[in-house]
Protein chains: 2
Amino acid sequence: MKPDRWLGLDLRHLVALKTIADEGSFGRAAERLGYTQSAISQQIATLERIVGLRLIERPGGPRPISLTEAGRILLRHAEAIEARILAAKADMSALEAGDAGRLRVGTFQSVGTRVLPTLLRRFSEDHPGVEIVLRESADEVELLEMVERGELDLTFWTLPVPAGPYDTVELLRDPYVLVVPAGSPLAELRRPPTLKEIALQPLVGFSRCNAMDEVESHLESTGRTPNFVFRSDNNGTVQGLVGAGVGVSVAPLLTVDEDDESVAVVDLQGRIPPRVIGLVWHRDRHRSPAAEAFAKTAIAVCRELAREPAAA
Amino acid sequence: MKPDRWLGLDLRHLVALKTIADEGSFGRAAERLGYTQSAISQQIATLERIVGLRLIERPGGPRPISLTEAGRILLRHAEAIEARILAAKADMSALEAGDAGRLRVGTFQSVGTRVLPTLLRRFSEDHPGVEIVLRESADEVELLEMVERGELDLTFWTLPVPAGPYDTVELLRDPYVLVVPAGSPLAELRRPPTLKEIALQPLVGFSRCNAMDEVESHLESTGRTPNFVFRSDNNGTVQGLVGAGVGVSVAPLLTVDEDDESVAVVDLQGRIPPRVIGLVWHRDRHRSPAAEAFAKTAIAVCRELAREPAAA
DNA sequence: GCTTTCGATCATGAAACCTGATCGTTGGCT
DNA sequence: AGCCAACGATCAGGTTTCATGATCGAAAGC
């Protein structure tokens with residue numbers, strides 16, 4: 001194997017290619033990167049000499065440039081390589097900061113209240129040396145972005161995960177249930193209520209989020225647009241409103257406080273596919289022993305939790 | 001995002017790190033790469049300045065060096081990046097050679113005789129501009145290696161595929177059947193023969209290969225080591241020997257010539273899980289429109305083939 | 001036809017790179 | 001102990017590479 005000329009390949013070259021593709025011109029790319037136009041021009045010339053193919057079509061004059069076929073293909077590789085370098089960089093600075101014994105984990109509310117207590121207790125018993133830093137966010141997407149940027153080592157997430165440099169593991173399936181005021185006729189049915197029956201009710205729900213959108217689109221598939229009369233980010237508020245008779249709520253079982261006597265919980269028997277909760281981490285980043293152990297413990301805890309479905 | 005110092009990162013640096021890890025010494029790495037020991041030493045110094053961490057532990061004197069934690073982690077990234085660069089390089093030389101209209105496909109015997117004829121006819125009707133270069137090999141592993149090296153664009157393969165930079169798609173499940181001499185008592189049974197019954201017979205089989213090993217380990221799981229009296233690479237030979245009464249053969253249905261009246265084919269009803277045939281390509285390499293189309297056609301053809309199980 | 005926009009090219013000074021020689025350290029050998 | 005061999009670090013040097021700033025050439029818009 002002799003990468004010969006390719007050995008001189010510089011990250012700088014790839015970044016230049018990418019920036020030019022972004023900006024659509026040598027000059028603007030140069031400006032963004034803090035170089036001269038001349039420098040960029042020469043960098044691309046070198047890159048083209050290395051790969052042996054013209055990468056950018058320069059029509060001459062003020063006409064816009066465009067990538068050749070080869071340029072487009074190489075660009076995709078360049079992006080992958082740059083991403084990998086960013087991952088390496090994140091690994092290095094984590095190491096530099098002495099993060100070996102620290103684990104930064106992203107969570108959201110329902111995981112926080114039901115899964116984390118047991119999980120954290122168990123984990124810190126088994127791994128007393130590891131400090132866990134939790135980061136709870138109402139905005140799920142933010143958690144993923146933090147994983148991508150290397151600001152979190154792991155995050156909980158409702159699967160599936162959008163395209164990106166992620167690896168995942170499934171932890172548990174959290175079925176959706178209907179929460180109704182205690183004594184509501186919907187709780188007395190011998191059968192689970194249909195989606196249409198639900199869509200006809202006044203609804204109380206969570207603010208827009210992945211999981212909620214999923215529920216809404218399922219309800220909409222009945223042909224009737226669901227009528228949300230109130231939304232909140234807080235489980236307690238939602239459940240309080242249901243208890244007060246404001247409406248009914250479709251919620252993942254884990255978010256429901258089943259000890260609340262003002263409401264009744266109705267099984268939907270899978271009429272809406274369950275919310276799948278998983279753990280997500282960066283595909284390209286180093287997985288510390290602590291992170292591996294955390295995932296393992298999480299899997300174990302969730303398996304137990306699934307076996308005793310809130311049978312208090 | 002400012003990769004700052006990392007912009008100066010050179011492929012050369014990463015290769016140096018990798019080679020040192022391989023060789024265990026600066027000097028030998030230098031020799032292998034055609035540099036001076038001094039050059040290598042300086043390259044690593046630069047690399048360490050870029051990442052800001054010591055990557056290699058030099059105990060001094062004639063003692064062997066070792067990678068630090070940071071070095072090991074960075075090495076993994078370096079390998080990934082180098083692999084990606086090789087993929088890019090392969091893409092570029094394919095482009096340079098004007099391979100846009102050429103598709104190099106790896107196959108093996110059973111696919112070659114049963115699937116390819118229909119597939120190729122259909123494909124070249126739909127895509128007359130694409131030239132297909134077939135590469136048949138008795139050694140399956142070789143096919144995979146050629147894909148990894150970029151010498152093949154696609155290859156057929158019996159899934160699952162070993163770890164490596166591959167993407168796959170399943171084409172069809174090819175059940176194992178028992179081939180016995182015509183009139184054999186095994187063909188008269190009302191039920192499929194058990195694995196134990198098979199293991200007691202004299203067996204004729206293919207030469208060692210993935211699929212065959214799978215069959216053997218299944219037969220061995222009965223506690224009786226199967227008694228192979230003859231092996232051949234050629235379907236016809238194997239079947240001829242069975243017809244001649246030398247033994248019986250466990251073979252994937254696709255490899256069997258069902259028109260041969262000297263043998264009878266006995267369904268095993270899944271006692272051995274079917275051989276899964278799929279298409280494999282390089283995860284990191286560019287997928288040409290021709291390759292995509294080939295995969296699509298292959299999937300379609302195999303779906304039809306599965307529907308009419310050799311009902312000639 | 002003039003101007004503007006853009007990339008290519010060229011000369012120049014600065015920085016990076018490789019080589020060859022030399023040095024410091026350490027383990028093994030006598 | 002003393003010498004030697006193996007190994008990486010370091011230094012001086014010539015060479016290559018790199019970025020700059022100025023200049024040139026092509027083409028579109030007015």
Side-chain angles (χ1 to χ4, degrees), chain A residues 2-68 70-71 75, chain B residues 2-68 70-71 75:
Chain A
K2 53 178 213 304
D4 52 283
R5 286 173 311 179
W6 288 72
L7 270 182
L9 190 71
D10 221 329
L11 184 53
R12 197 168 342 125
H13 299 317
L14 300 181
V15 172
L17 178 65
K18 189 171 116 109
T19 310
I20 291 174
D22 253 34
E23 295 281 350
S25 116
F26 281 47
R28 274 192 299 279
E31 193 178 353
R32 200 166 100 187
L33 296 173
Y35 287 120
T36 329
Q37 171 263 322
S38 170
I40 294 296
S41 186
Q42 290 178 67
Q43 282 181 12
I44 295 299
T46 316
L47 185 56
E48 287 179 333
R49 202 165 36 70
I50 289 175
V51 306
L53 288 170
R54 171 153 281 236
L55 299 172
I56 301 179
E57 210 52 69
R58 300 87 144 171
R63 280 173 296 185
I65 62 171
S66 62
L67 293 190
T68 64
L75 177 60
Chain B
K2 51 180 213 306
D4 52 283
R5 286 173 310 180
W6 289 72
L7 268 182
L9 189 71
D10 222 332
L11 183 52
R12 199 168 343 128
H13 298 318
L14 300 181
V15 172
L17 178 64
K18 190 170 116 108
T19 311
I20 292 176
D22 253 33
E23 295 282 350
S25 115
F26 281 47
R28 275 192 299 278
E31 194 178 351
R32 199 165 101 187
L33 295 174
Y35 287 121
T36 329
Q37 171 263 324
S38 169
I40 294 296
S41 186
Q42 291 176 66
Q43 282 180 13
I44 294 299
T46 322
L47 186 56
E48 287 179 333
R49 204 165 36 70
I50 288 175
V51 307
L53 288 170
R54 172 153 280 238
L55 298 172
I56 300 179
E57 211 51 71
R58 299 88 144 172
R63 280 171 295 185
I65 62 171
S66 62
L67 293 190
T68 63
L75 177 61

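Lettering of chains follows the sequences in order, A, B, ..., and the numbering in each one begins at 1.
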**Student:** Go through it in stages, so that I can follow the logic: the residues are Leu47(A) and Gln43(A), the test is side-chain contact (heavy atoms from CB on, under 4.5 Å), and I'd like the CA-CA distance, side-chain angles, deciding distance and then a yes or no.
**Tutor:** CA-CA 6 Å; Leu47(A) 185 56; Gln43(A) 282 181 12; over 6 Å; no

**Student:** Report the residue (Arg49(B) or Gln37(B)) whose heavy-atom-nearest nucleotide on DNA chain C is the more 5′ of the two.
**Tutor:** Arg49(B)

**Student:** Check the distance between dT20(D)'s C1' and Ile40(A)'s CD1 and give it to me in whole angstrom.
**Tutor:**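 Those two atoms, CD1 and C1', are 13 Å apart.
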
**Student:** Are any of the side-chain heavy atoms of Leu53(B) and Thr68(B) separated by less than 4.5 Å?
**Tutor:** no

**Student:** Pick the closest DNA chain D nucleotide for Asp10(A) and for Glu48(B) by heavy atoms, then say which residue is nearer the 5' end.
**Tutor:**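 Going by which nucleotide is closer to the 5' end, it is Glu48(B).
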
**Student:** Identify which nucleotide among dG7(C), dG21(D), dA19(D) has an atom closest to any side-chain atom of Ser38(A), counting heavy atoms from C-beta outward.
**Tutor:**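 So the side chain of Ser38(A) is nearest to dG21(D).
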
**Student:** Would a 4.5 Å heavy-atom cut-off, applied to side chains only, mark Ile56(B) and Ser66(B) as touching?
**Tutor:** no

**Student:** To the nearest Å, how far apart are Ile44(B) CD1 and dC7(D) C1'?
**Tutor:**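 Result: 15 Å.
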
**Student:** Under 4.0 angstrom, heavy atoms only, what part of the nucleic acid is Gln42(B) near: base, sugar-phosphate, or nothing?
**Tutor:**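 Base, at least one base atom sits under 4.0 Å.
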
**Student:** Determine whether the side chains of Gln42(A) and Ser38(A) contain a donor N or O and an acceptor N or O closer than 3.5 Å.
**Tutor:**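 The answer is yes; a qualifying pair exists.
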
**Student:** Of the nucleotides dC18(C), dG8(D), dA19(D), which has the atom closest to the Phe26(B) side chain?
**Tutor:** dG8(D)

**Student:** Looking at every strand, decide which applies to Ser41(A) at a 4.0 Å heavy-atom threshold: base, sugar-phosphate, or nothing.
**Tutor:** base

**Student:** Show me the protein contacts with nucleotides 26-30 of chain D, counting only N or O atoms at under 3.5 Å.
**Tutor:**
{"unit_1": "dA28(D)", "atom_1": "OP1", "unit_2": "Arg63(A)", "atom_2": "NE", "d": "3.2"}
{"unit_1": "dA28(D)", "atom_1": "OP1", "unit_2": "Arg63(A)", "atom_2": "NH1", "d": "2.7"}

**Student:** Measure the distance from CG on Leu11(A) to P on dC18(D) and round it to the nearest whole Å.
**Tutor:**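 My rounded result for the distance is 14 Å.
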
